[in-house]
> 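Dropping a structure here in structure tokens format, bear with me for questions.
Position 1 is the first residue of the sequence, and the numbers go up from there. Numbering of ligands and ligand atoms starts at 1, following listing order. Heavy atoms only: backbone and side chains are in, while hydrogens, waters and symmetry mates are out.
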Amino acid sequence: MLKIKGNYFLLETKHTSMLIKGDERAEYLYYGERVPDFTGAEWLSPETYWQGADHPLSLFTQAGRGDHREPTVSVRFADGSFATDFRFVRARAAARPAAEGLPLAYGEAKCLKLEFLDEPSRLKLCLYYTAFTDSDAITVIASLTNGGKKPVEILSLASLHLEVWGNDYSFTTFDGAWGSERRRHTRPLECGKCETASYIGSSSAFRNPFVLLGREGDVYGVNLVYSGNHREFAESDASRRTRVATGINPCQFSWELAPGETFFAPEAVMVYGKTAGEVSLRMHEFVSRHIIRGKWKDRERPVLVNNWEGTYFSFTREKILAIARKAAEAGAELFVLDDGWFGKRDSDTCSLGDWTDYEEKTGGIESLADEIRAMGLKFGIWVEPEMISEDSELYRKHPEYAMKIARRDPHRQRNQLMLDLADPQVQGYVYRAVSRVIAQCKAAYVKWDYNRFMTDCFDRNVRGGEYFHRYILGLYSVIARLVERFPNVLFESCASGGGRFDLGMLCYMPQVWTSDNTDARERTIIQSGTAYAYPQSTMGAHVSASPNEQTGNSNSLQTRFHVACGGLLGYESDFTKLSDEELEEVRSQIAFYKKYRGVLQFGMYHRLGDAVGGEWSGFITVARDGSKAVAVIAVPEKRTSEFNLRVRFAGLEEGALYHVRYRKADGTLVSVCRASGALLLRGSFPLQDLFAETDVHRFSNPLYTRMFVFEKVAPRKKRS
Ligand code: GLA
């Protein structure tokens, strides 16, 4: 909802409200749990404006009007000056802008457009605040329009600047690296700035754009609908204000705005909750309803088997068929042929860019796909379309397609270069090449990979400071056309695992390969971190071989399955190596997952315990109607005091009665008790002989897990 009363504006979501006042400059008056109306709002305005121009709780900051902090809107005029004086002009209900070329949230919403003008230059700043009324997010799109006669250089335009009162906040970021993505880090905000940013062309495994600003009772989650270089910062100051901002990283960014042109910054999302858990639930709801789109939005996702960790590059047609046959026997629904099927690709040294069948190896990709389909499986394929190997037909023919700078030896990563997707000709090539692959093997699923950082950015037709952003716009234009052309295909994005897990990619591709690290122990941390911002329907999670390829830790098949149930279940190993007993166990896992995947993939997800250093951690996902739930508890260490390890659940219906069972490795569900939702939410429960089922001497550095299934039952009638 959007309500306007004079120069007061009230944005309302299901449970939250934001109050903005527009006078000379415009300011935030309130953002938090829902309030009934405007009554009392005038009292929230500051008593005095400190130093006149240093405005409290501002919607943006600028240079040249006395604000002592970094400006979030910053330009250089043709005469070399930087000062701006954006003044509030008007605010009104408006349509959301199309922001051509950028991915945006969509759906039922109310938009407030606030306009600010820098009179001397006629530069106009617009902020579009959108309240998504059926969920709990407010988004902002910022734009600059050059109404003057000379070009203006944009140096930075933050998508969102949010300020709140108080300097007792902490700042939480989700950082990592390849194989250890989105680890939660929290530090108190004292005077000064704290930031997280990416500089490598993608949202990156190092720094996710999702951040939290929180204190006891108030938590703000902020995310960016963007896949390129981003920066988020939080800052507390002596005026008892704390601010958080997000947007395109201003480092190595500038954009020339010609007279009459408008530049749109990527859309930013904010969510308020009383706890981080509430923020996650609200973020999940928003992402599921207003970011994910297309046929697969609410559809249960297939259980897949991928050959990567099973074979790497060395496979034959026979091997692939043998794995697929076992996958079909186990009840999987989709087989994914990973890297190595094209060009002359027997290693990572060649062929990227040559998206043609490696016939000697596949025996013909079309007939291979047909044979796999005849087994009752769908067929999916891996591509890495943004890349080029120097040893490829494409490079020999079009060396100019590669991203490099004349007279500089380009930096190689995984032996590959990137394609210059800022160039429309290269965009056209990639679109045609991937379309051909999908059509040729009638793929039902495509894994879109991206395995290096951007370096040596250059295109003779692109201004240096615009390159990173123009690349991302080029990427978006290609994938937008592809998903439109192949609406039935399920796309999963990947960037050496979870190196581009962001809301931008999710606008086109509904799921992401969360991490190349498939170790159950590590995955509990990675998935728990990821789930702060992203729902489980977006997180690819696979059972792989034990000992784990990346860490050497070994775990029972059951533990690996339990952890993979935290996301979209798949398997990633050589199925021909499974013993009959193991295959039987996998069959019962898949049968269980299919029965409960509605709640596992789309239920309301609550983190339990603490995955980062806690004695135990886990999750419970509860069906939206409260009728059932599945919880997985993970214990990282066997200690002598294990008999006192107790857990508490969340998200269940207080007033309901649940039949609680736990799942054994052979698939049987063992009855534990009937318990009220209220008790399950408040009591501390033992883990049902957690260690008994795992032979502690068989595994090295194992993770101990227990899965519980909750089913609502009608209360027993009292005998009269
Ligand atoms: C990346 C992906 C893996 C796999 C390989 C193939 O590392 O994250 O899942 O597809 O590439 O080369």
> Among pairs that include at least one residue of residues 290-308, which meet salt bridge (Lys or Arg N to Asp or Glu O under 4.0 Å), considering only residues two or more places apart or in two chains?
Glu300-Arg597
> Are there any protein N or O atoms under 3.5 Å from the N or O atoms of ligand 1? List them with distances, or say none.
residue, atom, partner, partner atom, Å
ligand 1, 7 (O), Asp516, OD2, 2.8
ligand 1, 8 (O), Gly497, N, 2.9
ligand 1, 8 (O), Asp516, OD1, 2.5
ligand 1, 8 (O), Asp516, OD2, 3.2
ligand 1, 9 (O), Lys447, NZ, 2.7
ligand 1, 9 (O), Trp513, NE1, 3.4
ligand 1, 9 (O), Asp516, OD1, 3.4
ligand 1, 10 (O), Asp338, OD1, 2.7
ligand 1, 10 (O), Asp338, OD2, 3.3
ligand 1, 10 (O), Trp382, NE1, 3.0
ligand 1, 10 (O), Lys447, NZ, 3.0
ligand 1, 10 (O), Asp449, OD2, 3.4
ligand 1, 11 (O), Asp449, OD2, 2.9
ligand 1, 11 (O), Asn451, ND2, 3.2
ligand 1, 12 (O), Asp339, OD2, 2.6
ligand 1, 12 (O), Arg414, NH1, 2.9
ligand 1, 12 (O), Arg414, NH2, 2.9

> Mind checking side chain to side chain donor-acceptor pair (under 3.5 Å) for Glu390 and listing every partner two or more places apart, or none if nothing turns up?
Arg412
> Regarding Lys344 and Asp354, does a basic nitrogen lie under 4.0 Å from an acidic carboxylate oxygen?
no
> Please identify each residue that fulfils side chain to side chain donor-acceptor pair (under 3.5 Å) with Asp348, with sequence neighbours left out.
Asn415
> Do NZ/NE/NH1/NH2 and the carboxylate oxygens of Arg587 and Glu584 come within less than 4.0 Å?
yes
> State whether Asp519 and Arg560 are salt-bridged, where the test is any N-O pair (Lys NZ or Arg NE/NH1/NH2 against Asp/Glu carboxylate O) under 4.0 Å.
no
